[in-house]
There are 2 protein chains.
Amino acid sequence: MAGTANKKQSRIQTENRSLILTAALNVFSTDGYRGATLERIAERAGMSKTNVLYYFPSKEEIYHTALEQTVEGWLEPFSEISAQGDPVEELRRYISLKLQMSAEQPEASRLFANEVQRGAPLMLDFLKTRLKSLVDEKAAVIREWIDQGKLAPVDPYHLIFMIWATTQHYADFDTQIVAILGDQSKQKGFQEQTAHAVLSIILNGIRPR
Amino acid sequence: MAGTANKKQSRIQTENRSLILTAALNVFSTDGYRGATLERIAERAGMSKTNVLYYFPSKEEIYHTALEQTVEGWLEPFSEISAQGDPVEELRRYISLKLQMSAEQPEASRLFANEVQRGAPLMLDFLKTRLKSLVDEKAAVIREWIDQGKLAPVDPYHLIFMIWATTQHYADFDTQIVAILGDQSKQKGFQEQTAHAVLSIILNGIRPR
DNA sequence: GTCTATATCCGGATAGAC
DNA sequence: GTCTATCCGGATATAGAC
């Protein structure tokens, strides 16, 4: 039986699987799981529908694989927030990184958002275990910073939610932002301008006074 | 007005249309336009599939009507931000209201989010015209407040985006929040706690220093 | 490995009885 | 106004030729 991703694969196999996953990320992220069709994924990947099903056993498997990939990249920067660093600097770095990810991989952000909005059927367990642990851990770090007087007293969980909400908004609501701001949102300086504004408000908001 | 061709309707007609729209909001908001089925909407509305199509000509019409309703309620509080009021108080009121809406009508928020995330096929024109005008107008108000030294100098558009992102996050990512915070997020005090944290960070972030 | 059928199912929409 | 029956298009997945 066609095994999972870890079997030995020919060059053409890994290449085509990668093509499919890239196309799938694009289609799933805008149309959602049910709205997406194999036809469109195949088209984007530059191969036939049946060929797509040769490399993956089913539509759901494609979705699942794409989702797993994005989640991995999602956790990493968050887990790197260090209790040893300077609080404001640590958060500045994390927020900047997250904004950059939204700008460079908006589709990954939307795929994740879409999954959560439908009730996270494939990810609920992950959210309740690994993610919860990690958030609890980082919330404790933030609370310690507050106790040490290095940050204004604010609920750590809501701070984390706010950072996620704000940074991901630039990917998930890109259509709305472009509609409102026009071309400027697609030009070079926009990313820096965004980072400056977001960092300014959040960091000011949590600086001890 | 508002485009709804309000023919005379019997009691049972208005009642059933309302039942359908409520069910539709629920289903569309989680499954998206394409993922939703008339079958599920009918089931939720407590009537047969064919009967649903007796009251609405098509699936798209149901979606369109539900979307229009939510957008109306969406604009109103924003348009009420007044240049005459105290800046911090005006924003506090708006943010609080928006948080309340997220808590009380999470489905409306998700329906809107879903539509934007798929590229806003039915709403792009609205976003580029009415919404853009309104945002430009309110951004000018905020800029004036800044010029008068009543707020810290921050890009008004990004401030607005941040408020939207943060407040809507509590509706759109409810699944994730519940997974992380557990039962407490469904208990009484949670809404106040959220409002306090969000207001504290944002208002501190934009207070002149 | 890739293609051309094709089986099968599901969802939206219509027709017509009551 | 509501129901049963049905049509039709589209979508996933499979079979089998090349």
Side-chain angles (χ1 to χ4, degrees), chain A residues 1-5 7-67 114-115 118 121-122, chain B residues 5-67 111 114-115 118 121-122:
Chain A
M1 214 49 229
T4 38
K7 286 256 173 94
K8 252 184 281 181
Q9 289 182 10
S10 71
R11 261 193 50 66
I12 193 165
Q13 271 175 335
T14 43
E15 204 171 290
N16 276 346
R17 279 180 62 98
S18 165
L19 276 175
I20 292 168
L21 285 175
T22 304
L25 178 60
N26 183 291
V27 177
F28 281 129
S29 68
T30 63
D31 294 346
Y33 174 66
R34 303 195 65 179
T37 68
L38 288 177
E39 181 105 30
R40 290 199 52 187
I41 294 174
E43 191 185 0
R44 277 223 152 238
M47 64 187 83
S48 71
K49 202 166 54 166
T50 36
N51 221 6
V52 167
L53 286 170
Y54 170 75
Y55 288 104
F56 285 89
S58 69
K59 176 184 176 179
E60 187 175 341
E61 258 300 298
I62 303 177
Y63 180 74
H64 196 263
T65 308
L67 190 60
N114 215 304
E115 172 69 8
R118 74 169 53 230
L122 273 80
Chain B
N6 274 343
K7 296 251 177 87
K8 253 184 281 184
Q9 289 182 8
S10 70
R11 255 191 49 68
I12 194 166
Q13 270 176 334
T14 44
E15 204 170 288
N16 276 346
R17 279 180 62 98
S18 165
L19 276 175
I20 291 169
L21 285 174
T22 304
L25 179 59
N26 183 293
V27 177
F28 281 130
S29 68
T30 64
D31 292 347
Y33 175 65
R34 304 195 64 180
T37 68
L38 287 177
E39 181 104 31
R40 290 200 49 187
I41 294 174
E43 191 186 359
R44 278 223 151 237
M47 63 187 84
S48 69
K49 199 167 59 163
T50 35
N51 219 8
V52 168
L53 286 170
Y54 170 76
Y55 289 103
F56 285 89
S58 69
K59 177 183 176 180
E60 187 176 343
E61 258 300 299
I62 303 176
Y63 180 73
H64 196 264
T65 308
L67 190 59
L111 183 69
N114 215 303
E115 172 69 7
R118 75 169 52 231
L122 272 81

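Residue numbers begin at 1 in each chain, while the letters A, B, ... track the order of the sequences.
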Where is the tightest heavy-atom contact between B/L111 and B/S29, given as atom of each residue plus distance?
N-CB, 3.9 Å
What is the distance from CD of A/E15 to P of C/dG1, rounded to the nearest Å?
12 Å
Below 4.0 Å: OP1/OP2 of D/dA11 and any side-chain N or O of A/R40:
no
Return the nearest nucleotide to the side chain of A/S58; candidates are D/dA13, D/dG1, D/dA11.
D/dA13
Taking atom P of C/dT4 as reference, at what distance in whole Å does atom CD of A/E39 sit?
12 Å
When all nucleic acid strands are considered with a 4.0 Å heavy-atom cut-off, which category describes B/L38: base, sugar-phosphate, or nothing?
sugar-phosphate
For atom OH of A/Y33 and atom C1' of D/dA11, their distance in whole Å:
11 Å
Between D/dC3 (P) and B/N16 (CG): distance, integer Å:
10 Å
Donor-acceptor pair, distance only, cut-off 3.5 Å: does the side chain of B/R34 make one with the backbone of A/R34?
no
Once you round it to whole Å, what is the distance between P of C/dA5 and CG of A/L53?
18 Å
Hey, does B/A42 reach any base, or is it just sugar-phosphate, or nothing, if we go heavy atoms under 4.0 Å?
nothing
Which residue, B/K49 or A/S48, contacts DNA chain C at a nucleotide closer to its 5' end, judged by nearest heavy atom?
A/S48
Write down the atom of B/A45, the atom of B/I20, and the distance for their closest heavy-atom approach.
CB-CA, 4.1 Å
Output yes when a side-chain donor or acceptor of B/S18 lies under 3.5 Å from a complementary backbone atom of B/T14, and no otherwise.
no
Between CE of B/M47 and C1' of D/dC3 the distance, given in whole Å, is 14 Å
Phosphate oxygens OP1/OP2 of D/dG1: is one of them under 4.0 Å from a side-chain N or O of B/Y54?
yes
Please pick, from D/dA13, D/dG1, C/dG12, the nucleotide with the shortest atom-to-atom distance to any side-chain atom of B/S10.
D/dG1
Which whole-number value in Å describes the distance from B/R11 CZ to D/dG1 P?
12 Å
Is B/K59 reaching over with its side chain to a backbone N or O of B/A36, donor-acceptor style, under 3.5 angstrom?
yes
Options C/dT4, C/dG12, C/dT14, nucleotide nearest the side-chain atoms of A/T50
C/dT4
In terms of the nearest nucleotide of DNA chain C, which residue is placed more toward the 5' end: A/N51 or A/R34?
A/N51
Base, sugar-phosphate alone, or nothing: which one does B/F56 contact when heavy atoms must sit under 4.0 Å apart?
nothing
Distance in angstrom units between A/I20 CD1 and C/dT2 P, rounded:
9 Å
